[in-house]
Amino acid sequence: MITPRWSLPLLSLFMAINAVKVIQNGLAPPEVVHTPISLKPRCIVHAAPLDLIFVLDSSGSLRNQFQDEVDIIRRIVRHVTIGKDATRVMLVQFSGIQHLEFGMLKFTSRDELLGALDVLRHVSGITRIGGAFEFTRLHMTTANGLRDSSVPKVLYLLSDGRTHDFPKDNEQIAILRRDIPNLDIFAYGTGEYVAMPALLNYTLSTKKIVTNKNLNDLEPMFDTWKGTEICEKVPVCIKGSDKPVDLTLVIDASESLDRLFESQIQFAIERVVQNINVHYQAAKIALISYSGMVFTHFSFNNRYTNNSMVIRQINSLRSIKGVTSTDMALKEALALYTTKAHESGARPDASKLIVVLTDGHSARTPGKEAEAVRAAGINVIAVSVAGRPYVDERELLSIAGDKERVFTPSNLQEFENEFFKYVGFGCLGAELAKDSKPTIRGATDVSCDASSLTFTVRTQKPMKGMMYAQRYQDSEECVLHTDGSEREVTIKFRAGSCGLDRIPTSNGKGYAYNISVILQFHPLIMTRADTGLDVSCFYSAPVAPSEIGRSSIKKLADTQCTYRLHKYAASHCVALDARVGESLFHKWTCDNAPNYQYLVHDCSVRSEKHHVQFLDSNGCQMDDVILETPNYNNLITRKKGEIFVAQEMSAFKFPGDNNLVFECSVSLCDMEGDDECTQMIPPKCSNSTSRQLVDTRNGLRRIKRSLPAVKRGFALTLPVETRTLNVVESESMSPRDAVRYCAIH
């Protein structure tokens, strides 16, 4: 359960798919992450086998020579023949501690090895060559790819030979020679001050030591293992050619969508075109816009043959005054695949898909034409960027034929999951892994283990500011300062510090972590762009019985309740501004124990000049135009997921007042007890829809609110209020920098 805890909008972290409305310096938009496609040419390799083990000194004294050492490794890797039956490579990096970077079975091609070397980073610390030799010996096993004694082995040390654990280095080198048959030891003396006697003790020959003075001797030392590689030509990868599709984009440009036309254009570009590869062997696209008339801007064989050209044409579209004729648009789209297929360039062997962007208010129902389209084997996805009550969802369903292919603001975050079923992302002839599929990476990642939670945020622009645990901005371990050089920042919190809750679950299957994190986009001050995120994570591990009993009882006095206004649905965007008539959802939540439920009552709305009550002491509506009695179904049935009370409302304003604050009292009741409150949830209201309202005109002046008296028959009563909502009469009156925060789902 996600419980918002502070005044900025909070985001719930459950899945990687999200629908974030981007603000100028805020969280990054969703991005599609494709599984990398590896097109390796088949090669015939002839080379003598070698097990090559690099032991890389990464101590502090060699910080400035670290890349020189890595370059030596690169030169050797480029010289020998890499392969499963040729040269296998293992790399150990060390300073005071040791780390196995990769074993001999990790990489089987030169390109893979060179790529791994590119991401090596200096470790720093003191030098323990003896410890490195011991660590390397213990990891020279068949599990790490070491072959039998018939295969030569070369341990290649890269170091200046100056160690803090003498004489362990000499002892371990002797053990290596004794335990590993057919082993030879080479060395690169790093830097200008090389301890040559030490390196000579390791290698037993100056001919096996290379320094900056004899670098030309490096490659010839490995000529024995330089074989031949005959590789076929690398195939050209055309992304999406594994599943060619003829896609028709149908955009409603009629008068009813005039104010949302730009949103449709943005969706068409960012969520459709940018997720395909426009190419004659992959995705071919046709574009139709319509109102009372239908315009085919280009078809599949037109000159718009790449993504940039298609995007440019879509951006040139303009809203068209007139009625909505979705039936005619679908009829024209069908013709492109059938009667006009020869001239349109539709391919008989490609899959067929139509994406329709409309609000569903066609002058004539398009059901008959949609059935004909689907009967021809063409898949249809219907999308509306308009939310309730401005969208006719029944018409969208008649167009798509399946609710799984109907998308409105309440489920737009799931669009890519459906869209990717019909388009390709691989290459013709390329073999992909069984689990290769595109994923949608959101603005955040969260993971946890037995003792900590790690949280990553991706921002639209490099972030200069702070990320910290709420209320712990003065604790160094709870704060991450960012300097504006990165778009991706990560912070780690330890259990028992920074307010990180680690709560054992009542079923004994693991621990639930929760923490509120503040994302502050200015290094000194909090601004409207700042974001609060309620971060949750589950760690699976057995829970001791003693912990289960302790965690399942929540103190009533610790209960916190919140009141939020949302757009599109009760689980979506937190509203900071709205237009008159726009649908908003009131949502009340409490983090109460399972045996408690709550009643929302005595609610009022205030502005600068007005103060009007709209829910009475029983929680019943006083004016159905302002708000109907809240819906308690989710609370009573306790559906899986977040538990809340909610109700939809059409945004309103008082004349001359744009800013509104809504406030209520929330009373908790022990439903397992015998108090009278158990009969008051949900409220039992009469059929009367309105009563005389009283305007006490207290206004928006901040009044210090004391805790209300506990409602009779209830265990606890808490005051809650929303953030200030700015309501304007039309979109043109909204500030240019109006911010919209959305939940991540």
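Nothing here was measured: the structure is a model prediction, and the numbers come from that model.
Side-chain atoms of Gln613 come within 3.5 Å of backbone N or O of Leu615 as a donor-acceptor pair. In this structure, Lys567 contributes its side chain and Gly387 its backbone to no donor-acceptor pair below 3.5 Å. Between the Asp616 side chain and the Cys620 main chain, a donor and an acceptor come within less than 3.5 Å of each other. A donor-acceptor pair under 3.5 Å links the side-chain atoms of Glu582 to the main chain of Arg579, judged by distance alone. Counting only distance, with no hydrogens or angles, the side chain of Glu395 and the backbone of Ser362 share a donor-acceptor pair below 3.5 Å. Although no hydrogens or angles enter the test, the distance criterion places a donor-acceptor pair under 3.5 Å between the side chain of Asn411 and the main chain of Val406. In this structure, Asp392 contributes its side chain and Arg394 its backbone to a donor-acceptor pair below 3.5 Å.
Residue Phe419 comes nearest to Val355 through the heavy atom pair CE1-CG2, 4.3 Å, listed as atom of the first residue, atom of the second, then distance. When all heavy atoms of Gln647 and Asn631 are compared, the pair lying nearest together is NE2-N, 4.0 Å. Pro683 approaches Gly619 most closely through the heavy-atom pair CG-O, 3.8 Å. Residues Thr717 and Val710 come closest through the heavy atom pair OG1-CA, 3.5 Å. Shown here for Met466 and Val479, the closest heavy-atom pair between the two residues is CE-CG1, 3.8 Å. For His601 against Ser667, the heavy-atom pair with the smallest separation is NE2-OG, 2.7 Å.
A 4.5 Å side-chain heavy-atom check between Asn275 and Glu416 finds at least one atom pair inside the cut-off. For the pair Leu260 and Tyr390, the minimum side-chain heavy-atom distance is 4.5 Å or more. Side chains of Leu412 and Phe267 form a contact here, defined as non-hydrogen atoms less than 4.5 Å apart. No side-chain heavy atom of Asn315 sits less than 4.5 Å from a side-chain heavy atom of Leu317. Looking at Asp577 and Val728, their side chains never come closer than 4.5 Å, going by heavy atoms from C-beta outward. The shortest side-chain heavy-atom distance between Leu599 and Val645 does not fall under the 4.5 Å cut-off. Inter-residue side-chain proximity for Tyr290 and Thr326 is flagged as met; some heavy-atom pair is nearer than 4.5 Å.
His361 is linked by a side-chain hydrogen bond (donor to acceptor under 3.5 Å, both in side chains) to nothing, counting only residues two or more places apart in sequence or in another chain. Under the ring-ring contact (aromatic ring centres under 6.0 Å, His included) criterion, Tyr472 pairs with no residue at all, not counting sequence neighbours. In this structure Tyr563 satisfies the ring-ring contact (aromatic ring centres under 6.0 Å, His included) test together with His586, Trp588, sequence neighbours excluded. Not counting sequence neighbours, the partners of Arg312 by the side chain to side chain contact (heavy atoms under 4.5 Å, CB included) test are Ser308, Met309. Residues satisfying the side-chain hydrogen bond (donor to acceptor under 3.5 Å, both in side chains) criterion with Thr324, sequence neighbours excluded, are Ser254. In this structure Glu393 satisfies the salt bridge (Lys or Arg N to Asp or Glu O under 4.0 Å) test together with Arg388, sequence neighbours excluded. Annotation: side chain to side chain contact (heavy atoms under 4.5 Å, CB included) contacts of Gln313 (sequence neighbours excluded): Leu287, His297, Phe298, Tyr304, Ser316. Scanning for side chain to side chain contact (heavy atoms under 4.5 Å, CB included) contacts around Arg364 gives Asp327, Glu369, with sequence neighbours left out. Partners of Val605 according to the side chain to side chain contact (heavy atoms under 4.5 Å, CB included) rule, which considers only residues two or more places apart in sequence or in another chain, are Val612, Phe614, Phe652, Phe654, Leu660, Phe662. Residues passing the ring-ring contact (aromatic ring centres under 6.0 Å, His included) test with Phe407, sequence neighbours excluded: Phe415.
Residue pairs meeting the salt bridge (charged side-chain N to carboxylate O under 4.0 Å, His left out) criterion with at least one partner in residues 643-660, sequence neighbours excluded, are Lys653-Glu729. Sorted by first and then second residue, the pairs that involve residues 397-408 and meet side chain to side chain donor-acceptor pair (under 3.5 Å), not counting sequence neighbours, are Thr408-Ser410.
Summarising the local packing, CE of Met671 is surrounded by more than 12 heavy atoms from other residues, nucleotides or ligands at distances under 6.0 Å.
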Original post:
After noting the C-alpha distance and the side-chain angles of Ile643 and Asn634, does the key distance pass the side-chain contact (heavy atoms from CB on, under 4.5 Å) rule?
Top reply: CA-CA 6 Å; Ile643 308 300; Asn634 188 281; 4.0 Å; yes
Original post:
Which is it for Gln264 and Phe261 under the side-chain contact (heavy atoms from CB on, under 4.5 Å) test, yes or no, and what are the steps along the way?
Top reply: CA-CA 5 Å; Gln264 289 194 139; Phe261 186 72; 3.9 Å; yes
**OP:** Evaluate side-chain contact (heavy atoms from CB on, under 4.5 Å) for His481 paired with Tyr468, printing each intermediate quantity in order.
**Re:** CA-CA 9 Å; His481 295 274; Tyr468 55 89; over 6 Å; no
Original post:
Do Glu270 and Gln266 pass the side-chain hydrogen bond (donor to acceptor under 3.5 Å, both in side chains) test, and can you show the C-alpha distance, the side-chain angles, and the key distance before you say yes or no?
Top reply: CA-CA 6 Å; Glu270 294 180 358; Gln266 183 180 6; 3.3 Å; yes
**OP:** Please step through side-chain contact (heavy atoms from CB on, under 4.5 Å) for the pair Phe455 and Met467, ending with a clear verdict.
**Re:** CA-CA 10 Å; Phe455 182 55; Met467 182 161 63; 4.2 Å; yes
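A side-chain N or O of Asn726 and one of Asn659 form a donor-acceptor pair less than 3.5 Å apart. His611 and Glu663 form a side-chain donor-acceptor contact under 3.5 Å, judged by distance and modelled atom types alone.
Just one of Val272, Leu357, Val356 meets the side-chain contact (heavy atoms from CB on, under 4.5 Å) condition when paired with Val383; it is Leu357.
The CG atom of Leu500 sits 9.5 Å away from the SG atom of Cys478 when rounded to the nearest 0.5 Å. Here the CG-OG distance, from Leu718 to Ser665, works out to 9.0 Å after rounding to the nearest 0.5 Å. Annotation: the span from Leu396 atom CG to Ile381 atom CD1 amounts to 12.5 Å, rounded to 0.5 Å. Note that CG of Leu725 is 6.0 Å distant from CG of Leu584, once rounded to the nearest 0.5 Å. Between the NZ atom in Lys711 and the OG atom in Ser617 there is a gap of 4.5 Å [rounded to 0.5 Å]. Note that CG of Leu716 and SG of Cys561 are 7.5 Å apart. Values are rounded to the nearest 0.5 Å.
A salt bridge does not link Arg564 to Glu721: none of the charged side-chain nitrogens sits closer than 4.0 Å to a carboxylate oxygen.
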